[in-house]
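Structure, as structure tokens:
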Amino acid sequence: MSFCKSVLFRRFVPVLGLIVACHASGENGDKPADGAPAGNNASGESAQAVPENPYAGLEQIASADFHNRVVRADRAKKSMEDTTLAANVRDYAKAAYFYYTENWDSAYVAYDGLRARDPKLESEVVLRMARSRFNQEDFSGMRSALALGKKFEKNAVFAKTAARLRVEAALADSSLKESARADSLKAFLDKYPKGDDAAVLKYRYAMYLEQNKQQKQAKRLYMQLLATSTPYRDSAFIAVRRLRSVQAAPESLAEKVAYAKMACAKDEASSCMGLLDSIAIMDRDMVQSQPETAVAPSADSLQALLPASTLDMNTRIVLWEKRGNALKALNRTDEAANQFKFLVDSVEARPVWIQAALRLLRSAAKKNTKEIRRLDAMLQDASQFSKENANNLWVKGFEYEQKENYDSAVVCFKKLANPRFKNNVKRQWAKFRIGFIYFKQEKWAEAEQAFIEATKEPFLWSGSGARMFLGDTYMKLGKDSLAREAYLDCIRDFPLAYYAHKSRMKLVEYKLMEASEVPYARGIAMSPEEALAWVRNIQKNEKTDPTYTPERYNRIKTLFQYGFSDEAFALYDEARKKNAKRLDFLYEYGKLFYDMGEIAAGYRLARQFQAQIDRRKLMAPPIDVLHYLFPIPYTDQVKFHSGSRIDPFFVYSVMRQESIFDYQITSPAGACGLLQIMPATGKMLAKQESLETFDPSQLYNPYMNIRLGIRYLVDLKAQYSDDYMYVLGNYNAGPKPTKRWQAAGEGKPWDIRAEEISYWETRDYVKRVMGNYWIYQEIYDGI
């Protein structure tokens, strides 16, 4: 996750005239039998007129401010207006409401009246008074407020926070000289050299040094940030690149190498190649001019034959790998293959390098037949049951299958099914794939046996698929009673999933059961107390820890209502460490977080809960448990933007899979927010929505993300004529492969099309999102 935020404050103050740049490293009708929901006429859906957007203003709030100004402010308002709560709670909530809505004078006065109310919160109350004055740029008043907390100076947390606040004041105070501001930064960093605070301030200090022509010192700090995982890593990289272009002093080899390790992942491949070439030249020249600087050769028989270098072997290997990847990105396929073959033949026969070379060589398989055969054999010798060989067998098997060379495909999948591959995810699907091949060939007896074998494996997802297709096989064989039992077995084995829902539909479609008798995932109505008791009754005998008590739970709830979320989470964390395996703990606190608007925190616990509970217990749980596992946050926004254009439950299904309801999350590819929208796509959608001042950082505002994400889904729904399989295929993998899958799947039933999506991730994604969607429809009456 990567997002722009201040560690302690609502806004960053520009330092020394420079701006800190942050970078973020339906329908409700019946569904057709194939599982694609019925829809409205696709034409013109995206242009359909909608009423005035009541959330337009909230969509413009910066993501760093959203949690305070919307989530926490709304919670405080709700608490201060709730007459069932104690007056003390309402008083704290009122102060918090002023604070989160940036009514600084009222917040200061309200907190001043609460200073002695709760001794455990007095230091935090003082800090909020100080921040209130700071946000008014009343730095003298801020320091006077901090003086009220003099008795807390020995409290490490208070002392560091107060010191940080004084630094912020110094940076914002225009009456101070730049040198004084820089001195305050340096003093804080000298005392507190670690942590997120250090990262942001180190970046600011480096900017000051750069502005004042102290480029060498600035670059040193930027280089330190390159080795961190803070949000300033990307900004530091940009700064180093900037300094490299203007710095008069030549770079050392170590500096070039450190920069290359990140640049080759960020820059264009051609730039990476230029940098790697310059490193190689500098290294060679140093060896020639100063032979004594060369690193002693490895005792390894292969590595000992390599040319001398001043770089250690691990660094050389990293750079060689980056060269291979850069050549691949430049479509210099033969050179890339040769680079990976060099690593295999001159360094070590690592399976990952053999696999990389094989993939490149297979792009011209006829020309490289001999070399492919050699590397295939080497892969078997190097690590017959490695992850890389499992991937190799899967790719070969799937390619054979798509070319309808079924016998060769079965041979590959049988090798992959070897237990010595253990829990490898590719191995988990090997036996299912064998059964699926026989099923497509209408070899019903062979398919039956293969699917039965697949159900014996302890793998959840593939076993569920094998059970459903076993039912389909029995239907082809005319064995209705066995089909009925296979479908029911699929439902019992994994009730909340794609294949379970499909099995429910087949029981009705094939008239194996009356619809009223089918075990849908509808849950049982219970009171909250009864639901918690149900959870406690089914959990294993976990040891009771004294940190999990009603008193602590109530204190944490009260802290949330008071408006002290950080303190609530700190108290919760003490209990979490000792109770992370207790279902009742995960359920009770997850529900509390939902109630407090802390959706991402709540759903993280829901995911842990679902991973730990015996899945078979979810056949008939309390309906509240199902709602806990499949929440519907941001209901008003999702409902408004969905309208009649798309089923809100489909939107939630995508959201659940894409972001786990964390609106600040960023994917490794750079997709942002709840519905994981790429910045370029966000700009396109914003233009279609007539948002002239859109900036990609707004994708981290959940309301904006929902608006644009739903627009995108609606457009895709129209493009693919309401076929949700290809809506999801495009959403996950893009239009080009999706068009290929659509053409290849024309005329085939849903179940076959889904299993023949060639991208592993997309095939899995489609089934998981559709599973989410159908479960949402089963457990909710509507929104």
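We number each residue from 1, following the sequence as shown.
The closest donor-acceptor contact from the side chain of S408 to the backbone of N405 lies at 3.5 Å or more, if one exists at all.
Taking the six-membered ring where the residue is Trp, the centroids of Y726 and W741 are separated by 6.0 Å or more. Aromatic ring centres of Y780 and H627: separated by under 6.0 Å. F413 and W429 have their aromatic ring centers separated by at least 6.0 angstrom. Between F630 and Y776, the gap from one ring centroid to the other is short of 6.0 Å. Checked against a 6.0 Å centroid threshold, the rings of Y603 and Y594 do not count as neighbours. Checked against a 6.0 Å centroid threshold, the rings of F439 and W444 count as neighbours. Here F494 and Y499 keep their ring centres 6.0 angstrom or further from each other.
Checked for salt-bridge contact, R504 and E778 meet the test: a charged N lies under 4.0 Å from a carboxylate O. No salt bridge links R763 with E755; every basic N to acidic carboxylate O contact stays at or beyond 4.0 Å.
Judged by a 6.0 Å distance limit and a 45° cone about the ring axis, K426 is positioned over the six-membered ring of W760. Geometric assessment of R768 against the ring of W461 yields a positive cation-pi assignment under the 6.0 Å and 45° thresholds.
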Item to complete: Please lay out, stage by stage, how Q688 and Y712 fare under the test side chain to side chain donor-acceptor pair (under 3.5 Å).
Response: CA-CA 10 Å; Q688 293 173 355; Y712 192 32; over 6 Å; no

Discussion item. Using the rule given for side chain to side chain donor-acceptor pair (under 3.5 Å), can you reason through D472 versus Y487, listing the C-alpha separation, both sets of side-chain angles and the distance that settles it, and then say yes or no?
Written reply: CA-CA 9 Å; D472 290 351; Y487 292 138; 2.5 Å; yes

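Atoms CG and CD, on D764 and Q657 in that order, are 7.5 Å from each other to the nearest 0.5 Å. In this structure, CG in L626 is found 5.0 Å from CD1 in I779, a value given to the nearest 0.5 Å. In this structure, the separation between CZ on F385 and NZ on K422 is 11.0 Å, given to the nearest 0.5 Å.
Counting heavy atoms from C-beta outward, Y438 and Y406 have side chains that stay 4.5 Å or more apart.
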